[in-house]
Amino acid sequence: MPSGAVVEERRGRYPSGTPSLGADAATLAAIRIRCMGCGTPHPANVAVTVCPRCGGLLDVEIPLDTRIRPEEIGQGLPSALRASGVWRYRALLPAIPDSAVVTRAEGNTPLYWDDRLAGYAGLTGGLGVKHEGHNPTASFKDRGMTVGVSHAKAVGARIVACASTGNTSASLASYAATAGIPALVLIPEGKISGGKLAQTIAYGARVVQVEGNFDQALTLLRELTAAYDAYLVNSVNPFRLQGQKTIVIELLEQLGWRVPDAIALPGGNLGNTSAFGMALADLLRVGLIDRLPKLVTVQAAGAAPFAPYFASGWQTYAAVSPETMATAIKIGNPASTPRARRAIEQTEGIVTTVSDDEIEDAKAIIDRVGIGCEPASAASLAGVKRLVREGVLGPDSRVVGVLTGHLLKDTEAVIGYHLRDRDGAARGQANRPLTVPARLDALERVLADALHG
Ligand SMILES: *Cc1c(COP(=O)(O)O)cnc(C)c1O
Ligand SMILES: [Zn+2]
């Protein structure tokens, strides 16, 4: 039993909902959240993240009964919302009142086309990479967080909480600080990168290292937030997924609504896979696209419960004990599995795996061409390369891969790859700094070598 002081705060002991919303309170209450499991609808003016009746995953229902023309996007919005690469697609998002929106002008991320990356993957049809590392806290998590924390603010949450492999915690800490709401973050002890931990601490979240892995931390937090009035912002939170939909919406807008053959992304907790499926279904419904690309979810081989589930024709699923250097996808029992399955089925998509060596190799190439990303992001390219080699994707396919996080998120991985030998030899792309005496002739030799070697 928790201490008496904590028990005072048990769920329902104090009123939730914010009187400060005024007339907007009705707008909030009109948003419907429906359970994927039992179909029960719930109102959105309370902090529900899983179905109170059956524990199932929840979907926010967006009423999309009219067609949307490209030129209508973002029209009539306040400038702070129009400046956000999430909120400018408000017509496709939950109607959280403007007064509760917490935004840092997230999204608006670049789409790069690089022939060297296409060549690496074996594609002649073109390979684009959408770089979600160009968000305010340098991962795609900001797109979900702006909607999740806005909803938390709208319902009057007094504290927001998440368990995280690092990027969710950095993002939550930033958005909670922006909103002025305290944040509680659970991380698996010693298993997240220094950069992500530094962001989370710096933005002022209360950080708790749990002696266990990510899945254990999330299970604990779900128990805690079920019993107490703390707002859970993990990707089981249906509002976060709504924000993450905008990765695909913005991508298709950048493509002039011309649908690529496939969109590849790394899969960890599978929130993003789920969100991408929802985005594509929404875009089809409002007539902004006329067909669906294949979603390609790529898991690290050592943390891949979803891939064998797909390969078995959705017959057998088993959680795994996760092991991979790509910490952002080191998850053994993804919380969004049923939603992600729906997304793969809807798009006739593919789930595949890549080894840590393939991830590191692909990352070294993405870095080397000047783009850069964190290890998990490189699973996108590694997975596409593998599928082209296996003949699952035709070489003339036009593919976009999503780079989920920035290179600086995991500098330990960069240093490890370039500076440390493996099996007694440097890695293929290893680039080691030189040390020279402070003399011109030493530098001249380096210059000659750089020019000719
Ligand atoms: C969170 C994260 C992922 C995994 O996304 P899921 O929605 O959990 O599947 C992949 N890459 C990076 C960089 C992330 O931060
Ligand atoms: Zn239910």
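Every residue meeting the salt bridge (charged side-chain N to carboxylate O under 4.0 Å, His left out) condition with Glu71, not counting sequence neighbours, appears here in chain and number order: Arg69. Listed by chain and number, the residues in a side-chain contact (heavy atoms from CB on, under 4.5 Å) with Ile201 are Leu197, Val207 (sequence neighbours excluded). Ala83 is linked by a side-chain contact (heavy atoms from CB on, under 4.5 Å) to nothing, counting only residues two or more places apart in sequence or in another chain. Annotation: ring-ring contact (aromatic ring centres under 6.0 Å, His included) contacts of His134 (sequence neighbours excluded): His131. Qualifying side-chain contact (heavy atoms from CB on, under 4.5 Å) partners for Pro395, counting only residues two or more places apart in sequence or in other chains: none. Residues passing the side-chain contact (heavy atoms from CB on, under 4.5 Å) test with Asp356 are Ala300, Thr324, Met325, Ile359, sequence neighbours excluded. With sequence neighbours left out, the ring-ring contact (aromatic ring centres under 6.0 Å, His included) criterion links Phe276 to no other residue. Remark: Tyr89 pairs with no residue by the ring-ring contact (aromatic ring centres under 6.0 Å, His included) rule, at least two apart or across chains.
Remark: side-chain polar atoms of Glu106 are paired, donor with acceptor, to backbone N or O of Arg104 under 3.5 angstrom. At distances below 3.5 Å, at least one donor-acceptor pair connects side-chain atoms of Arg82 with backbone N or O atoms of Leu77. Of the possible donor and acceptor atoms, none in the side chain of Asp24 sits under 3.5 Å from a partner among the backbone N and O of Thr27.
In Arg389, the CZ atom is crowded: over 12 heavy atoms of neighbouring residues, nucleotides or ligands sit closer than 6.0 Å. Residue Asp115 qualifies as open at atom CG: its count of foreign heavy atoms under 6.0 Å is 12 or below.
Look at Asp229 and Arg158 and you find no salt bridge, because none of the NZ, NE, NH1 or NH2 atoms lies under 4.0 Å from a carboxylate O.
For residues 292-302, the side chain to side chain donor-acceptor pair (under 3.5 Å) pairs, not counting sequence neighbours, are Thr273-Thr297. Under the side chain to side chain donor-acceptor pair (under 3.5 Å) criterion, the residue pairs touching residues 140-150 are Trp87-Thr146, Thr109-Arg143, Glu132-Arg143, Thr137-Asp142, Asp142-Ser171, Arg143-Thr246, Arg143-Glu250, with sequence neighbours excluded. Residue pairs satisfying the ring pair (Phe, Tyr, Trp, His ring centres under 6.0 Å) criterion with at least one member in residues 312-365, sequence neighbours excluded, are listed as follows: Phe306-Trp314, Tyr309-Trp314, Tyr309-Tyr317, Phe310-Trp314.
In this structure, CD1 in Ile192 is found 4.0 Å from CD1 in Ile187, a value given to the nearest 0.5 Å.
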Using residues 54-68 as the side-chain source, report each donor-acceptor pair under 3.5 Å to any protein atom, sequence neighbours left out, with the distance given to one decimal.
residue	atom	partner	partner atom	Å
Asp59	OD1	Arg342	NH2	3.3
Asp59	OD2	Arg342	NH1	2.8
Asp59	OD2	Arg342	NH2	3.4
Glu61	OE2	Arg34	NE	2.6

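In this structure, Lys385 is positioned above the aromatic face of Tyr120, its NZ or CZ under 6.0 Å from the six-membered ring centre and within 45° of the axis.
Closest heavy-atom contact between Gly107 and Asn135: N-OD1, 2.7 Å. When every heavy atom of Ile289 is checked against every heavy atom of Leu280, the shortest pair comes out as CD1-O, 3.8 Å. Across all their heavy atoms, Phe239 and Val147 have their closest contact at O-CG1, 3.3 Å.
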